[in-house]
Amino acid sequence: MKRKWMLPGVMATVLVLPAFLVSAAPNGSSAVQSAGEIASKDEVVYATLSATGAQREIYVVNNFDVQKAGTLTDYGRYESVKNLTDLTEIKQNDGTVAFEAPEGKFYYQGNMDDDPLPWRIAVSYELDGKKISPEQLAGKDGHIEIKITTSPNGDADPVFFENYLLQISLTLDGALFSNIQSEEGMIANAGKNKQVTFNVMPEKEAQLSLEADAVDFELAGIDIAGVPSTLSIDAPDVNEMTGEMVSLSDAILQLRNGVGELNTGVSQLNEGAAQLQKGSAQYKNGINQLSASSGELVNASVSIEKALKSINGALGQNSANGSTGGLGEMQAGLAEIANALKETSAGLNSLGQNYNAAYGQLNEAMAGIPEYEISEQQIQKLYESGADPKVIDQLVKTYSAARTAKGNYAAVKQSFDAVQPALQQMSGGLGEMANNLENMANGLASSLESMGNDSGLVQLQEGMADLASNYSQFHSGLVEYTKGTSQLANSYTGLDAGISELSGGVKQLAGGTSQLYTGSNQLYDATRDLPEQMKKEIDKMIAEFENADFEAVSFVSEENNDTINTVQFIIKTEKIAVAEEETAEEQPEEKKGIWARFLDLF
């Protein structure tokens, strides 16, 4: 009874089944004849490579955002196409693909023949330092190295190589790999596995590698994704950094101003040192001439001394006959010597005045060198500022030279101070000698005028006797004076050499400080707008990475460019695994028809 009760239901079910199948069929049974509209299209290019990077299969999944249902046309030279959305037929004819699509999303796959990828990818393997094929490497133990190189494929459109970022990743089984290392890659944990990821920027060729110790080597394959480098990057907050740059720029400005003052002072020092050198050379020549003439002066004085003694003796013997002998010539000689000594004294006065002026300028120039010191930290900070190291080296040498010059000047200043008093003393001594000789000549002239009577001759004899006696003392002083002049000339030669060396050093110092000031000016000009320059460079770098101006193009056909939205590449190499042993094939279970399976329900 129960079976009879259910039989009508079974028959009803059987009768209803065809209608169900018909109603479940896709909308291809009612084709849309009107033209559709595409809002946008995305292309995902899938490709498989051999374990060494040789291209194998390639196909494209086309994803449409259909704005209006109807007949749509796409372009691409495919070897075959497949509808991934429903069962409607897709027609392909000479690079044109036509299909009926409902509103919304629509997908179809286009299988390509041997169209080249935009990148050439090569993979090589080494085991314990020796190259090995992927097939031989499977199941091996040892230290392995995997090398991956990428380069542009000249047979493909360069727009993808120039604008796409490649992300290459390898997943290494934690049970098979250890001691994983890579200079270019980023290593991260992925569960029990390790993932090594490389990034290759647009327009860049790459040579990538990783090393590891392996046991029973197997590799699931290398995943490579190519996407446009249109990254969204937020500009960093650089206020703190730019604030430090402003402080650096202010410090460089202060340094430049200080160097300017130093340059002015050293320039004045250079002028004073040059004048001092000139005056010192004149003084050296004068004192050498004076020293050279000292012998003649002493010889002349000896002659005068002898002449005075002879005259004195002659006057004593010939006073009765009133003869004056050579007194007139002696008076003229004394006057001439007095005039010569006066000229020498005047020359020493002039030399002293010139020396005093030059020394004053030198002293003022040396005082103009700043007293402040630049610390090693400040110099190191200047090196770290990015300025030209050669210019900084010159600045440091110039600064050291300036400090050394000022120290040396302080050491010899006492000697410089003693020169002027010595010159004055010498000039005064010569002037006094000249006055004494002049008085002697005048006295002798007066005596000669009054020699008309005997008393005058007697007085002359007495005066001459005193003169001869006093002149001996004068001659002894003159000899001592010439000895001092000779010693002074010899000593001053060394002092003059020091002054010349000082002048040359100051001249080099002036050139160095001039370069230092020019360099500090250039450094300030280069750094005063550094914060703004840094912001511009950051914006420029962000703009390069964002690549906001890039417009996507179709990988399949340029005729799709009007609707294309994005194009992505998903590439994978074949896995490397130990071949499984063949097993006896199981007999496949005989498939039952739909009617048999339906009856099995009861």
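The model shown is predicted, which means the values in this text are computed figures rather than measured ones. FYI, the numbering just counts along the sequence from 1. Computation of the quantities below employed the complete heavy-atom set of this structure, encompassing side-chain atoms and omitting hydrogens, waters and symmetry-equivalent molecules.
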With a 4.5 Å heavy-atom cut-off, do [X] and [Y] have their side chains touching?
X    : Y    : answer
P118 : Y164 : no
R77  : S557 : no
T85  : K105 : no
Q92  : Y78  : yes
T150 : I168 : yes
E211 : H143 : yes
N83  : F99  : no
D173 : K192 : yes

Exercise for review: Could you please spell out the steps behind the side chain to side chain contact (heavy atoms under 4.5 Å, CB included) verdict for V227 and Q167?
Suggested key: CA-CA 8 Å; V227 294; Q167 188 175 67; over 6 Å; no
Exercise for review: Check L49, T52, I222, N153 against I121 for a side-chain contact (heavy atoms from CB on, under 4.5 Å) and give me the one that passes.
Suggested key: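 The option that passes is L49.
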Exercise for review: Show the numbers, then the answer: is there a side chain to side chain contact (heavy atoms under 4.5 Å, CB included) between I38 and V66?
Suggested key: CA-CA 5 Å; I38 301 173; V66 182; 5.5 Å; no
Exercise for review: Take N560 and N62, measure what side chain to side chain contact (heavy atoms under 4.5 Å, CB included) needs, and give me the verdict at the end.
Suggested key: CA-CA 11 Å; N560 297 327; N62 297 281; 5.7 Å; no
**Study point:** Full working for side chain to side chain donor-acceptor pair (under 3.5 Å) between N111 and Q109
**Key:** CA-CA 6 Å; N111 300 314; Q109 175 178 323; 2.7 Å; yes
**Study point:** Lys/Arg-Asp/Glu bridge criterion (N-O < 4.0 Å) met for R120, D155
**Key:**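 Yes, R120 and D155 are salt-bridged.
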Review point. Is the shortest side-chain N to carboxylate O distance from K91 to E89 below 4.0 Å?
Key: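 A salt bridge is absent here (no side-chain N lies under 4.0 Å from a carboxylate O).
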Exercise for review: Decide side chain to side chain contact (heavy atoms under 4.5 Å, CB included) for F160 and V553; before the verdict, give the C-alpha distance in whole Å, the side-chain angles of both, and the deciding distance to 0.1 Å.
Suggested key: CA-CA 9 Å; F160 299 102; V553 297; 3.9 Å; yes
**Study point:** Polar side-chain atom of T71 near backbone of E100 as donor-acceptor pair, under 3.5 Å
**Key:**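 No; judged by distance alone, with no hydrogens or angles, the pair does not exist.
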Exercise for review: Examine distances only and state if a side-chain atom of S229 and a backbone atom of N163 form a donor-acceptor pair shorter than 3.5 Å.
Suggested key: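 Checked: pair present.
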Exercise for review: Would you please say whether a donor-acceptor pair under 3.5 Å links the side chains of N63 and K41?
Suggested key: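 The criterion, which ignores hydrogens and geometry beyond distance, is not satisfied for K41 and N63.
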Point to revise | Any donor-acceptor N or O pair under 3.5 Å, side chains D65, Q67 | key: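 The criterion, which ignores hydrogens and geometry beyond distance, is not satisfied for Q67 and D65.
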Point to revise | Criterion ring-ring contact (aromatic ring centres under 6.0 Å, His included) against F569, the qualifying member of F555, Y46, F161 | key: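 So, applying the ring-ring contact (aromatic ring centres under 6.0 Å, His included) to F569 and each of F555, Y46, F161, only F555 qualifies.
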Exercise for review: Hey, can you tell me if F64 and Y108 have their rings parallel, tilted or perpendicular (30° and 60° cut-offs)?
Suggested key: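 Taking Y108 first and then F64, their aromatic rings lie parallel (interplane angle under 30°).
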